[in-house]
Amino acid sequence: QVQLIESGGGLVQAGGSLRLSCVASGRTFTTYALGWFRQAPGKEREFVASISKSGSSTNYAASVKGRFTISRDNAKNAVYLQMNSLRPEDTCVYYCAADVNAGMWSALSNAAVYDYWGQGTQVTVSS
């Protein structure tokens with residue numbers, strides 16, 4: 001079992017920055033990969049970024065590449081999403097997820113492989 005709690009969402013102007021955090025508990029943190037996903041009202045959940053168990057491999061959606069950075073601190077059981085140059089279209093609920101069956105270098109974008117999810121944190125970007 002993995003419990004995930006996100007924080008750091010809020011309201012920001014376009015062009016601004018936010019840093020999301022997700023703290024995990026339960027299963028040993030280094031045994032699973034982690035991902036960030038987001039969902040806007042009436043839309044499907046979409047992949048944002050993911051990171052492998054060791055943090056050596058990362059993967060980004062094309063829409064956020066160069067603006068967002070995913071990282072993890074295995075000593076703090078935490079994964080972060082640094083979001084820069086935010087746009088109104090980034091307005092979504094952001095979710096942290098854990099993939100407990102990941103290979104050593106896996107950082108997958110398919111939401112279906114993720115086993116545990118947080119409750120989400122709202123990010124609103126005003127124009």
Side-chain angles (χ1 to χ4, degrees):
Q1 285 263 349
V2 177
Q3 293 78 43
L4 301 166
I5 300 177
E6 303 98 333
S7 61
L11 174 64
V12 64
Q13 287 190 331
S17 298
L18 279 176
R19 187 194 194 207
L20 304 184
S21 300
C22 174
V23 176
S25 60
R27 182 173 170 143
T28 302
F29 189 67
T30 53
T31 64
Y32 47 90
L34 291 149
W36 285 98
F37 292 79
R38 65 187 185 185
Q39 188 168 21
K43 293 189 177 181
E44 291 188 358
R45 190 168 297 189
E46 65 172 0
F47 169 73
V48 176
S50 58
I51 190 165
S52 61
K53 295 177 183 180
S54 66
S56 58
S57 298
T58 58
N59 189 12
Y60 294 92
S63 58
V64 307
K65 202 165 189 177
R67 299 189 297 124
F68 292 10
T69 302
I70 188 171
S71 61
R72 64 188 292 165
D73 186 336
N74 288 345
K76 295 183 178 180
N77 286 8
V79 61
Y80 307 101
L81 186 67
Q82 178 67 44
M83 305 187 295
N84 299 329
S85 302
L86 283 161
R87 304 166 180 168
E89 54 264 39
D90 295 318
T91 295
C92 286
V93 177
Y94 284 72
Y95 298 90
C96 174
D99 174 9
V100 300
N101 297 304
M104 181 60 67
W105 315 112
S106 293
L108 300 179
S109 60
N110 184 355
V113 307
Y114 288 81
D115 310 280
Y116 298 96
W117 294 81
Q119 83 288 348
T121 185
Q122 175 71 47
V123 172
T124 302
V125 185
S126 63
S127 56

* To do: Show your reasoning for whether side chain to side chain contact (heavy atoms under 4.5 Å, CB included) applies to Thr124 and Gln122.
  => CA-CA 6 Å; Thr124 302; Gln122 175 71 47; 3.4 Å; yes
* Give a yes or no on whether the backbone of Leu108 and the side-chain of Ser50 come within a donor-acceptor separation of less than 3.5 Å. => yes
* Say whether, by atom type as modelled, one donor and one acceptor occur between the side chain of Tyr32 and the main chain of Ser52 under 3.5 angstrom. => no
* Asked: Just by modelled atom types, is the Thr69 backbone N or O under 3.5 Å from a matching donor or acceptor in the Gln82 side chain?
  -> no
* Asked: Hey, does the side chain of Arg72 reach the backbone of Phe29 with a donor-acceptor pair shorter than 3.5 angstrom?
  -> yes
* Could you state the interatomic distance from CD (Gln39) to CD (Glu44), rounded to the nearest 0.5 Å? -> 8.5 Å
* To do: Could you label the plane-to-plane angle of the Tyr114 and Phe37 rings as parallel, tilted or perpendicular, counting under 30° as parallel and over 60° as perpendicular?
  => perpendicular
* **Check: Thr121 side chain, Gly9 main-chain N or O, donor-acceptor pair, under 3.5 Å** => yes
* Asked: Any luck finding a side-chain donor-acceptor pair between Ser25 and Gln3 under 3.5 Å?
  -> yes
* Between the side chain of Thr28 and the main-chain N/O of Thr30, is any donor-acceptor distance below 3.5 Å? -> no
* To do: Report the distance from atom CG of Asp90 to atom CE of Met83, rounding to the nearest 0.5 Å.
  => 7.5 Å
* Could you check if a side-chain atom of Phe68 sits within less than 4.5 angstrom of a side-chain atom of Leu86, using non-hydrogen atoms only? => yes
* To do: Return yes if some donor-acceptor pair links the side-chain N/O of Lys53 with the main-chain N/O of Trp105 below 3.5 Å, else return no.
  => no
* Asked: Is the closest side-chain heavy-atom distance between Trp117 and Leu4 below 4.5 Å?
  -> no
* Distance-only, no hydrogens or angles: does the Asp99 side chain make a donor-acceptor pair with backbone N or O of Ala33 under 3.5 Å? -> no
